[in-house]
Peer 1: 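Structure below; questions to follow.
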There are 2 protein chains.
Amino acid sequence: MNHNDLKKNELTNQYYYGTDQFLVAVDCMIFGFDLRDEKLKVLLFKRLVEPFYGEWSLIGSFVRSDEGLDDAAKRVLLELTGLKTVFLEQYKSYGQIDRDPGARVISTTFWSLIKIEELDLGLIESHGAKWFTFDEVPHLVLDHKKMLKDVKTLLTKKVRYQPLVFELLPEKFTMPQLFKLYQEIYQRSLDDRNFRKKIISTRLLLRLEEKDKGSSRKGAYLYQLNRERYDELIEDGFDFDL
Amino acid sequence: MNHNDLKKNELTNQYYYGTDQFLVAVDCMIFGFDLRDEKLKVLLFKRLVEPFYGEWSLIGSFVRSDEGLDDAAKRVLLELTGLKTVFLEQYKSYGQIDRDPGARVISTTFWSLIKIEELDLGLIESHGAKWFTFDEVPHLVLDHKKMLKDVKTLLTKKVRYQPLVFELLPEKFTMPQLFKLYQEIYQRSLDDRNFRKKIISTRLLLRLEEKDKGSSRKGAYLYQLNRERYDELIEDGFDFDL
DNA sequence: GCAAAAGTGTTACTGATACACCCATGA
DNA sequence: TCATGGGTGTATCAGTAACACTTTTGC
């Protein structure tokens, strides 16, 4: 920020800002992995108020003068999902003059990865929210579709360098679930033997004695994330090209 | 953005925004590689106006109502460097309540990689600007030091996955120059034989017949960037872990 | 002829790919 | 006993890491 645009009040000899002011909003994209149909989904909202009544949009809010951008995003996420400690990261700000025909609004976007099963379904329904696969995403208000597309691209790229996928899985998960999630994100089929070797070599996983018999008679071993190793790889990055 | 915060004028039956407004600024970080001392540097500005007279800061400006965020960043960069077609990317927005004690300002940061030798030195001096190595960076106003630190970290990470370094080199450059640049960014010494093999295997380089005799009697071959391959790797990413 | 920087190759090892069958269980 | 999904191993190939000497040329 540059204060060249300050003006001086010659009476009080004090400086004041003579420049334009803007409405500032945050918009959140919430992603989840639905273990039932093994699809990556995004949570969208049917607007129940004017303007844009009945249209789908991201969830957002104007920023208030008593909160920072990150606070506003956390507030929105909490109100909607009841979740506090989730992966939430700031992405770009969108500030095209004409992005909102109603008023000049600068919007800072955030994206969040959550564990779908931790979500209170009643809470999201009461907010008019619904999970969509990316094929099903309807028309969205303003430039929300562009925002979503940009963040989806970012997610796909980031997953290659950071083990973010674990934010989308429950505490205990099976190898086939993890495998399906990677296939879903990369949008192609992978060799499952090589996948197992590679993911095991990252030392991110801890195999439990328990099995999950939910999807087969034989049952699949449950795994847990090695949290220290996770933090290490989030920080340092890894190459998980498949 | 969510329009729940809209208020309705019961007389006109029209909606209007009743929420808080903010000053919005852009702040730019400009990086260059100085071929003379083979150091990565950042361009900083000595403020010649109040407030913060005489202190160092990033270059920035308030956003005007007739321009988008990206436009504002381009304008700042153009005014300062005279450069139009450079690498310029948006990074985070900073919106802590108390980040600017003078007023509530939301600042969107941008970072740029430029070829130092394309810069008009007179122009930057007249703006009170100076190149600093990262060891030499002085105290900066507001949260600019934090911004710089965050972007520096981002740059170091990104360089591993995208061939961004070429934005910092002239059209024609030598292998030793490229090698020194990588060492400078990664902050460690690399094996030069393996480095050559690896960078050549990316097919990013085109070796010219000319030699640059600026730094040795023998002379070093000049290389040019293979632009198509560059675009491809910027898009798809590569793993340049060394 | 020597100082200073540029350029080059081989071997050993590690990780990646490609590929097909047996296992455990409940119905 | 059979259908379903889960789990495993090996051989080949490609890429990485470690390592030291020769070349060029202006002074």
Side-chain angles (χ1 to χ4, degrees), chain A residues 35-39 160-161 163 169-170 172-184 186 188-224 229 233 236-242, chain B residues 35-39 160-161 163 169-170 172-184 186 188-224 229 233 236-242:
Chain A
L35 290 168
R36 291 164 306 182
D37 59 4
E38 289 158 345
K39 294 275 188 191
R160 183 170 154 190
Y161 306 121
L169 290 169
K172 296 178 182 179
F173 52 88
T174 68
M175 192 64 86
Q177 286 170 341
L178 180 58
F179 179 64
K180 300 267 179 50
L181 175 50
Y182 267 107
Q183 289 196 133
E184 172 71 3
Y186 287 158
R188 66 197 159 87
S189 57
L190 305 169
D191 180 287
D192 102 310
R193 283 163 293 184
N194 292 337
F195 175 81
R196 280 167 190 261
K197 266 179 288 183
K198 187 147 184 177
I199 196 77
I200 286 169
S201 78
T202 63
R203 295 183 284 120
L204 280 163
L205 300 184
L206 182 66
R207 189 167 99 170
L208 306 176
E209 290 308 310
E210 301 170 72
K211 283 192 164 191
D212 169 51
K213 299 217 169 182
S215 70
S216 77
R217 311 194 199 290
K218 183 177 177 182
Y221 283 108
L222 284 165
Y223 288 81
Q224 245 181 342
R229 182 65 178 152
L233 291 187
D236 300 344
F238 72 152
D239 185 40
F240 209 71
D241 195 17
L242 290 169
Chain B
L35 290 167
R36 291 164 306 180
D37 59 4
E38 291 159 343
K39 294 274 190 193
R160 185 172 153 188
Y161 306 120
L169 290 169
K172 297 177 181 181
F173 52 87
T174 68
M175 191 64 87
Q177 286 170 342
L178 180 59
F179 178 65
K180 300 266 179 50
L181 175 50
Y182 267 107
Q183 289 196 134
E184 173 71 2
Y186 287 158
R188 67 196 158 86
S189 57
L190 305 168
D191 181 287
D192 104 310
R193 284 163 292 183
N194 292 336
F195 175 81
R196 280 170 190 259
K197 267 178 288 184
K198 188 149 185 174
I199 196 77
I200 286 168
S201 78
T202 62
R203 295 183 284 119
L204 279 163
L205 300 184
L206 181 65
R207 190 167 99 172
L208 305 176
E209 290 308 310
E210 303 169 70
K211 283 191 165 195
D212 169 51
K213 298 215 170 186
S215 71
S216 78
R217 311 197 200 289
K218 184 178 176 180
Y221 283 108
L222 283 165
Y223 289 81
Q224 244 180 345
R229 183 65 177 152
L233 291 185
D236 300 344
F238 71 152
D239 185 40
F240 209 73
D241 194 17
L242 290 168

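So you know, we letter chains A, B, ... as the sequences are listed, proteins then strands, and number each from 1. Everything numeric here is computed off the predicted structure, so don't read it as measured data.
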Peer 1: Under the salt bridge (charged side-chain N to carboxylate O under 4.0 Å, His left out) rule, collect the residues that match up with A/Lys180, sequence neighbours excluded.
Peer 2: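 With neighbours one apart ignored, the set is A/Glu38.
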Peer 1: What side chain to side chain donor-acceptor pair (under 3.5 Å) pairs are there with at least one residue in residues 200-211 of chain B, not counting sequence neighbours?
Peer 2: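 As it turns out, the side chain to side chain donor-acceptor pair (under 3.5 Å) pairs with a partner in residues 200-211 of chain B, which skip direct neighbours, are B/Lys172-B/Glu210.
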Peer 1: Just to confirm, is there a sub-4.0 Å distance from OP1 or OP2 of D/dG7 to any side-chain nitrogen or oxygen of A/Arg196?
Peer 2: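 So the side chain of A/Arg196 is within the cut-off, an N or O lying under 4.0 Å from OP1 or OP2 of D/dG7.
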Peer 1: With sequence neighbours excluded, what pairs up with B/Arg196 under the salt bridge (charged side-chain N to carboxylate O under 4.0 Å, His left out) test?
Peer 2: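 So B/Arg196 forms a salt bridge (charged side-chain N to carboxylate O under 4.0 Å, His left out) with B/Asp192.
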Peer 1: Check the distance between C/dA6's C1' and B/Ile200's CD1 and give it to me in whole angstrom.
Peer 2: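 Roughly 13 Å, once rounded to whole Å.
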Peer 1: Using the test salt bridge (charged side-chain N to carboxylate O under 4.0 Å, His left out), find all partners of B/Asp236 that sit at least two apart in sequence or belong to another chain.
Peer 2: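 Salt bridge (charged side-chain N to carboxylate O under 4.0 Å, His left out) check on B/Asp236 returns nothing, list empty.
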Peer 1: If you look only at pairs with a residue in residues 198-220 of chain B, which of them pass as a ring-ring contact (aromatic ring centres under 6.0 Å, His included), with sequence neighbours excluded?
Peer 2: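 Pairs touching residues 198-220 of chain B that pass the test: none.
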Peer 1: Let me spell it out: for each of B/Arg193 and B/Asp239, pick the nucleotide of DNA chain D with the closest heavy atom. Which residue's pick is nearer the 5' end?
Peer 2: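 Between the two, 5'-proximity favours B/Asp239.
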Peer 1: If you check the A/Ser216 side chain, which of D/dG5, C/dA6, D/dT16 turns out closest?
Peer 2: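 Nearest to the side-chain atoms of A/Ser216, counting from C-beta on, is D/dG5.
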Peer 1: Tabulate atom names and distances for all N/O pairs under 3.5 angstrom spanning the protein and nucleotides 24-26 of chain C.
Peer 2:
residue	atom	partner	partner atom	Å
C/dG26	N3	A/Arg217	NE	3.4

Peer 1: Over how many whole Å does the gap from B/Met175 atom CE to D/dT24 atom C1' extend?
Peer 2: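 Computing the B/Met175:CE to D/dT24:C1' distance gives 18 Å.
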Peer 1: How many Å lie between CG on B/Leu178 and P on C/dA6, as a whole number?
Peer 2: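 Interatomic distance, CG of B/Leu178 to P of C/dA6: 13 Å.
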Peer 1: Quick check on DNA chain D: between B/Asp192 and B/Leu242, whose nearest nucleotide comes earlier from the 5' end?
Peer 2: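 Comparing both residues, the 5'-ward one is B/Leu242.
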Peer 1: When the C1' atoms of the five terminal pairs at each end define the local axes, what inter-axis angle does the helix from C/dG1-D/dC27 to C/dA27-D/dT1 show, to 10 degrees?
Peer 2: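 Both end axes considered, the difference amounts to 10°.
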Peer 1: Please enumerate all residues that pass ring pair (Phe, Tyr, Trp, His ring centres under 6.0 Å) together with B/Phe238, with sequence neighbours excluded.
Peer 2: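 By the ring pair (Phe, Tyr, Trp, His ring centres under 6.0 Å) rule, B/Phe238 matches B/Phe240.
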Peer 1: Calculate the interatomic distance between B/Lys198 atom NZ and C/dT8 atom P; express it in whole Å.
Peer 2: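 These atoms are roughly 20 Å apart.
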Peer 1: With a 4.5 Å heavy-atom cut-off, do A/Ile199 and A/Leu178 have their side chains touching?
Peer 2: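 Result yes, sub-4.5 Å side-chain heavy-atom pair found.
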Peer 1: Just so I know, are the side chains of A/Thr174 and A/Ser215 near enough to count as touching, which here means a heavy-atom distance under 4.5 Å?
Peer 2: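 A side-chain contact under 4.5 Å is absent here.
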Peer 1: To the nearest Å, give me how far apart CZ (A/Phe195) and C1' (D/dT8) are.
Peer 2: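 So the two atoms are 16 Å apart, to the nearest Å.
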Peer 1: Take atom CZ of B/Phe179 and atom C1' of C/dA5, then tell me their distance rounded to the nearest Å.
Peer 2: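 To the nearest whole Å, that distance equals 13 Å.
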Peer 1: In whole Å, what is the span from the CD atom of B/Glu38 to the P atom of C/dA5?
Peer 2: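 For the pair B/Glu38 CD and C/dA5 P, the rounded distance is 10 Å.
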Peer 1: What is the nucleic acid contact for A/Ser215, judged by heavy atoms within less than 4.0 Å: base, sugar-phosphate only, or nothing?
Peer 2: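 Sugar-phosphate contact only.
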Peer 1: With the criterion being N/O to N/O and under 3.5 Å, what pairs connect the protein with nucleotides 10-15 of chain D, and how long is each?
Peer 2:
residue	atom	partner	partner atom	Å
D/dT10	O4	A/Lys197	NZ	2.6

Peer 1: Mind checking what makes side-chain hydrogen bond (donor to acceptor under 3.5 Å, both in side chains) contact with B/Lys218, not counting sequence neighbours?
Peer 2: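 Counting only residues at least two positions away or on another chain, B/Lys218 forms no side-chain hydrogen bond (donor to acceptor under 3.5 Å, both in side chains).
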Peer 1: Would A/Gln224 and A/Leu205 satisfy side-chain contact (heavy atoms from CB on, under 4.5 Å), going step by step from the backbone distance to the final call?
Peer 2: CA-CA 6 Å; A/Gln224 245 181 342; A/Leu205 300 184; over 6 Å; no
Peer 1: State which residues pass salt bridge (charged side-chain N to carboxylate O under 4.0 Å, His left out) with A/Arg188; sequence neighbours excluded, sorted by chain then number.
Peer 2: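 A/Arg188 satisfies salt bridge (charged side-chain N to carboxylate O under 4.0 Å, His left out) with no other residue.
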Peer 1: What is the distance, rounded to the nearest whole Å, between atom CG of B/Leu208 and atom P of C/dA6?
Peer 2: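 Nearest whole value for this atom pair: 17 Å.
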Peer 1: A/Tyr223: what forms a ring pair (Phe, Tyr, Trp, His ring centres under 6.0 Å) with it, not counting sequence neighbours?
Peer 2: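 Per chain and number, A/Tyr223 pairs via ring pair (Phe, Tyr, Trp, His ring centres under 6.0 Å) with no residue.
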